[in-house]
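All remarks here apply to the structure that follows.
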Amino acid sequence: MNTEKNMKVDVLLGLQWGDEGKGKVVDVLTPGYDVIARFQGGPNAGHTLSFNGEKYILRSIPSGIFQGEKINIIGNGVVLDPLLFKEETENLARSGHDITQRLYISKKAHLILPTHRLLDAAYEAAKGNGKIGTTGKGIGPAYTDKVGRNGLRVGDLFHDFEKKYAETRRLHETVLRGLNCDCDIAAQETLWFDALEYLKKFSIIDSEHKINRLLAEGKSILAEGAQGTMLDIDFGSYPFVTSSNTVCAGCCTGLGIAPRNIGKVFGIFKAYCTRVGSGPFPTELTDATGDTLCDRGKEFGSVTGRRRRCGWIDLVALKYAVMINGVTQLIMMKSDVLDPFETISACIAYRIGSKETTEFPFDISEADVQPVYVDLPGWQTDMTGMKSENEFPEEFNAYLSFLETELGVPIKIVSVGSDREQTIVRYAD
């Protein structure tokens with residue numbers, strides 16, 4: 001918890017290609033904060049939390065929703081699908097978590113329209129073999145409309161919405177016809193408009209004012225990112241990226257926070273590496289080792305169910321992510337997945353043609369980008385029941401020290417299982 005008199009916003013984000021385990025960590029850190037705020041992404045990003053024998057998947061709602069009476073905010077940088085939001089909140093209510101009074105939604109968050117989903121599918125089909133691997137949730141087209149100044153925002157629900165919606169719908173219909181997509185838009189709209197009415201039950205606010213007032217009042221705030229740094233629209237492995245800024249700077253634009261108000265930056269990474277969908281992945285393992293990582297890590301998308309590609313940890317990409325985000329503390333997830341391995345490899349450089357580099361290059365999609373590995377001894381010990389770092393095997397401590405030396409940032413938290421209780425804090429602030 002940030003205990004300074006003049007409070008700052010601490011940021012928690014992923015450092016790889018997403019799926020690092022951010023939901024669990026936010027849930028673990030939440031007791032030390034008054035406010036949890038999502039600053040970018042949409043319902044394609046599923047944060048999984050497991051506790052008390054139950055498993056929850058959050059797509060748009062901040063992961064602090066399970067902790068007491070915390071304030072949870074969906075910021076302006078998020079794109080929101082009313083239909084999926086309604087489904088998500090109703091599922092939580094059925095499991096005993098009524099969040100109506102604890103969740104605030106930014107007026108400036110953009111809406112995902114029924115036609116955005118149709119456009120998403122049509123654009124992806126038109127790419128043929130060059131598919132990005134989109135989840136088909138309409139995220140990309142919604143952000144495209146936002147940048148193209150054609151988007152509809154949550155606040156528009158109270159400002160001549162029907163006229164604005166009709167204009168945007170006509171624009172989308174023209175594009176869909178050009179893509180030879182003959183779709184029944186009206187069939188998808190009924191439930192969507194019902195969900196819009198449901199959305200109005202929540203507190204829809206000028207979130208940038210709310211957040212800055214809370215800061216001025218001395219409230220502690222944790223900003224929660226979605227996806228991962230290597231999927232950032234500017235700094236990720238373009239064009240196989242998401243449509244928003246997943247890096248720390250995205251917190252400022254996605255919540256309306258001044259850069260001077262950023263405090264700690266928690267960077268989350270797995271003890272190995274995964275990627276879902278298309279795109280370059282230098283350390284990917286397509287052999288039995290990759291299958292073992294996938295099976296032990298249960299590497300299937302929480303929202304899409306897609307099997308994730310797996311490989312050894314990539315320190316070239318990870319050091320780049322640490323630099324871009326200004327990470328102050330690291331959090332390593334899924335350490336237990338590596339428990340059975342006799343030898344563990346780590347990529348410390350790329351060989352591109354005849355040259356070797358430790359800097360993340362402009363393009364890693366070329367076939368001649370080869371990882372340069374060092375091998376470390378595995379610990380071959382079941383760590384899932386460990387409660388303290390005093391129980392860590394010598395080889396695991398050596399792996400931690402190696403990573404801290406390479407990355408230049410301390411590893412504060414180590415996760416040894418999916419449950420909230422399987423989280424070991426190595427040192428206090």
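Because the structure is a prediction, the values reported are computed rather than measured.
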As a quick check of understanding, evaluate side chain to side chain contact (heavy atoms under 4.5 Å, CB included) for Thr144 and Ser243, giving each step before the final call.
CA-CA 8 Å; Thr144 299; Ser243 303; 5.9 Å; no
Please determine whether side-chain hydrogen bond (donor to acceptor under 3.5 Å, both in side chains) holds for the pair Thr229 and Asn325, giving the CA-CA distance in whole Å, both sets of side-chain angles, and the decisive distance to 0.1 Å.
CA-CA 8 Å; Thr229 296; Asn325 291 297; 2.9 Å; yes
Whether the side chain of His116 engages the backbone of Leu113 through a donor-acceptor N/O pair (distance < 3.5 Å, no angle test) should be reported.
yes
Between Met230 and Phe360, is any pair of side-chain heavy atoms under 4.5 Å apart?
yes
Answer yes if the ring centres of Phe85 and Phe202 are under 6.0 angstrom apart, and no otherwise.
yes
Any ion pair linking Arg177 and Glu173 (charged N to carboxylate O, less than 4.0 Å)?
no
Residues Lys107, Glu208: salt bridge by 4.0 Å N-O rule:
no
Pairing of Arg307 and Glu299 as salt bridge, 4.0 angstrom limit:
no
Less than 4.5 Å apart, any side-chain heavy atom of Thr381 and any of Met386?
yes
Within this structure, what is the CD1-CG distance for the pair Ile73 and Leu255, rounded to the nearest 0.5 Å?
7.5 Å
Counting only N and O atoms by type, is there a donor-acceptor contact under 3.5 Å from the side chain of Asp287 to the main-chain atoms of Gly290?
yes
Can you tell me which residue among Val9, Asp34, Asp10 is in a side chain to side chain contact (heavy atoms under 4.5 Å, CB included) with Ser220?
Asp34
Are any of the side-chain heavy atoms of Met333 and Lys24 separated by less than 4.5 Å?
yes
So do Val374 and Ser345 actually touch side chain to side chain, heavy atoms under 4.5 Å?
no
Please check if the side chain of Asn245 supplies one atom and the backbone of Gly250 the other of a donor-acceptor pair under 3.5 Å.
no
Is the closest side-chain heavy-atom distance between Tyr104 and Asn72 below 4.5 Å?
no
Passing option when Asp19 is tested against Arg308, Gln227, Arg275 for side-chain hydrogen bond (donor to acceptor under 3.5 Å, both in side chains)
Arg308
For side chain to side chain contact (heavy atoms under 4.5 Å, CB included), just list the numbers for Ile313 and Tyr373, CA-CA rounded to whole Å, side-chain angles, deciding distance to a tenth of an Å, and then say yes or no.
CA-CA 10 Å; Ile313 196 166; Tyr373 289 113; over 6 Å; no
Taking NZ, NE, NH1 and NH2 as the nitrogens, is one of them in Glu389 or Arg426 under 4.0 Å from a carboxylate oxygen of the other?
yes
Begin with the C-alpha distance, continue with both residues' side-chain angles, and end with the deciding distance and a verdict on side-chain hydrogen bond (donor to acceptor under 3.5 Å, both in side chains) for His172 and Asp145.
CA-CA 10 Å; His172 290 174; Asp145 273 351; 2.6 Å; yes
Go through the steps for Gln16 and Tyr272 under the test side-chain hydrogen bond (donor to acceptor under 3.5 Å, both in side chains), then give the verdict.
CA-CA 10 Å; Gln16 295 163 313; Tyr272 51 103; over 6 Å; no
I want to check something: taking the side chain as every heavy atom from C-beta on, are Ile348 and Glu406 in contact at a cut-off of under 4.5 Å?
yes
Using the six-membered ring wherever Trp is involved, compare the ring planes of Trp312 and Phe341 and label them parallel, tilted or perpendicular (cut-offs 30° and 60°).
perpendicular
Rounding to 0.5 Å, atoms CG (Leu157) and NZ (Lys164) come to a distance of 10.0 Å
Taking Glu87's backbone N and O only, do any of them form a donor-acceptor pair with Asn91's side chain (distance below 3.5 Å, no angle check)?
yes
Under a 4.0 Å N-O cut-off, is there an ion pair linking Lys334 with Glu20?
no
Would you find a donor on one side and an acceptor on the other, under 3.5 Å apart, between the side chain of Asn76 and the backbone of Ala109?
no
Does Tyr320 reach the side chain of Glu359, with side-chain heavy atoms less than 4.5 Å apart?
no
Going by heavy atoms in the side chains, are Thr115 and Val175 under 4.5 Å from each other?
no
For Tyr399, what residues pass the ring-ring contact (aromatic ring centres under 6.0 Å, His included) criterion, not counting sequence neighbours?
Trp379
Please test Cys251 against Ile257 for side chain to side chain contact (heavy atoms under 4.5 Å, CB included), starting from the C-alpha separation and ending with a verdict.
CA-CA 7 Å; Cys251 176; Ile257 295 168; 4.1 Å; yes
Under 6.0 Å between ring centres, would you say that holds for Phe193 and Tyr198?
no
Row check, Phe266 ring normal vs Lys412 NZ/CZ: under 6.0 Å, within 45°:
no
Applying the salt bridge (charged side-chain N to carboxylate O under 4.0 Å, His left out) criterion to Asp81, which one of Arg117, Arg59, Lys137, Lys86 satisfies it?
Arg117
Check step by step if side chain to side chain contact (heavy atoms under 4.5 Å, CB included) holds for Tyr350 and Glu356.
CA-CA 6 Å; Tyr350 294 156; Glu356 197 169 292; over 6 Å; no
